[in-house]
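Notes follow the structure.
Being a predicted model, the structure only gives us computed values, none of them experimental. We name chains A, B, ... by the order of the sequence lines, and we start the count at 1 in each one.
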2 protein chains.
Amino acid sequence: MKLDSQQLARVAALFRAFAEPTRLAILQELKSDELAVSEIVDRLTTSQANVSKQLKLLHDAGVVSRRKSGTTVFYTIADPMVFELCRLVCDKLNRDAVKPSKIRF
Amino acid sequence: MKLDSQQLARVAALFRAFAEPTRLAILQELKSDELAVSEIVDRLTTSQANVSKQLKLLHDAGVVSRRKSGTTVFYTIADPMVFELCRLVCDKLNRDAVKPSKIRF
DNA sequence: TCACTAAATAGCCATTTGGTTATACTTGCA
DNA sequence: TGCAAGTATAACCAAATGGCTATTTAGTGA
């Protein structure tokens, strides 16, 4: 079964959501908790505007969900596949590493 | 367990290898067979130079292996995690799709 | 209505990157 | 040697994108 170019583009787009350190950092913070945008901003070292932008990207990709309460917006990981994906990738990096320094999302 | 920014960068870099349609198309061709560069070029619609470039990228990421025989170079998928990753992503896309049109790598 | 807070968006810039064409490199063979 | 075939690399360009600052939008309460 071969994917056509349009389907490959959709697959690539979903992978791209995970292909930036800042977005991974956001997902890492969301791993344990549902968090407000401002809480994520506090935990990272980038601007509120950038966090909002990356959250929108993750949301458009279906990776996170939003919940609005008053003026604050809470985000959660929308699909547990995120954890499986990151586990697969970390496992591979650990296998490939010369020096054994385990990383795990 | 939290990854520091350097580790997040490595994870992101590996995801990035999968984040482009052309590279996914190459991997899709390699799914069943070991192939020479020229055979991949014949199966896709891009230049030999571009295929070489993307293969180098995939090789640097540890995703494909090379084997040289005379002047021709054969590439294979280096790690079966590729298939698991693509399966997870395709499954999610299928779950999210409004119209049920199953895609599978 | 006004002020305040939280989040999203607009506009901009520097960097990255996928693709191309042209060229170099390497191996096998006449 | 010399030539041809298969890959890889160089140089370049246009498009995409991550990040910033500034501004706008939306909800809350005095």
Do the side-chain N or O atoms of [X] get closer than 4.0 angstrom to the phosphate oxygens (OP1, OP2) of [N]?
X: T22(B); N: dG18(C); answer: no
X: S38(B); N: dG6(D); answer: no
X: T72(A); N: dT5(C); answer: no
X: T46(A); N: dC20(D); answer: yes

Across all chains, not counting sequence neighbours, the salt bridge (charged side-chain N to carboxylate O under 4.0 Å, His left out) partners of D42(B) are none
Residues in salt bridge (charged side-chain N to carboxylate O under 4.0 Å, His left out) contact with D91(B), at least two apart in sequence or another chain
R87(B)
From R23(A) CZ over to L27(A) CG, what is the distance, rounded to the nearest 0.5 angstrom?
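The CZ atom of R23(A) sits 9.0 Å away from the CG atom of L27(A).
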First locate atom NZ of K92(A), then atom CE of M81(B), and finally report the distance between them rounded to the nearest 0.5 Å.
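Result: 6.5 Å between the selected atoms.
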Does the side chain of R95(A) reach to within under 4.5 Å of the side chain of D79(B), using non-hydrogen atoms?
yes
Does a side-chain heavy-atom distance below 4.5 Å link V41(A) with T46(A)?
no
Nearest whole Å is fine: how far is [N] [atom2] from [X] [atom1]?
X: F15(B); N: dT17(D); atom1: CZ; atom2: P; result: 18 Å
X: R67(B); N: dG6(D); atom1: CZ; atom2: C1'; result: 15 Å
X: I40(A); N: dA7(C); atom1: CD1; atom2: P; result: 9 Å
X: E20(B); N: dG19(C); atom1: CD; atom2: C1'; result: 11 Å
X: F18(A); N: dG18(D); atom1: CZ; atom2: C1'; result: 18 Å
X: Q54(B); N: dT9(D); atom1: CD; atom2: P; result: 13 Å

Kindly confirm or rule out a cation-pi arrangement of R67(B) over F74(B), judged by NZ or CZ under 6.0 Å from the six-membered ring centre and within 45° of its axis?
yes
What does the list of N/O pairs under 3.5 Å between the protein and nucleotides 8-16 of chain C look like, with a distance for each?
| unit_1 | atom_1 | unit_2 | atom_2 | d |
| --- | --- | --- | --- | --- |
| dA8(C) | OP1 | R66(A) | NH2 | 3.2 |
| dA8(C) | OP1 | Y75(A) | OH | 2.8 |
| dA8(C) | OP2 | S52(A) | OG | 2.6 |
| dA8(C) | N7 | Q48(A) | NE2 | 2.8 |
| dA8(C) | N6 | Q48(A) | OE1 | 3.2 |

Would you list the protein and nucleotides 24-30 of chain D atom pairs, both N or O, that sit under 3.5 Å from each other?
none

Sorted by chain and number, sequence neighbours left out, side-chain contact (heavy atoms from CB on, under 4.5 Å) with Q28(A) holds for F105(A), K2(B), L3(B), L8(B)
Pairing residues for F18(B) by the ring pair (Phe, Tyr, Trp, His ring centres under 6.0 Å) criterion, not counting sequence neighbours:
F15(A)
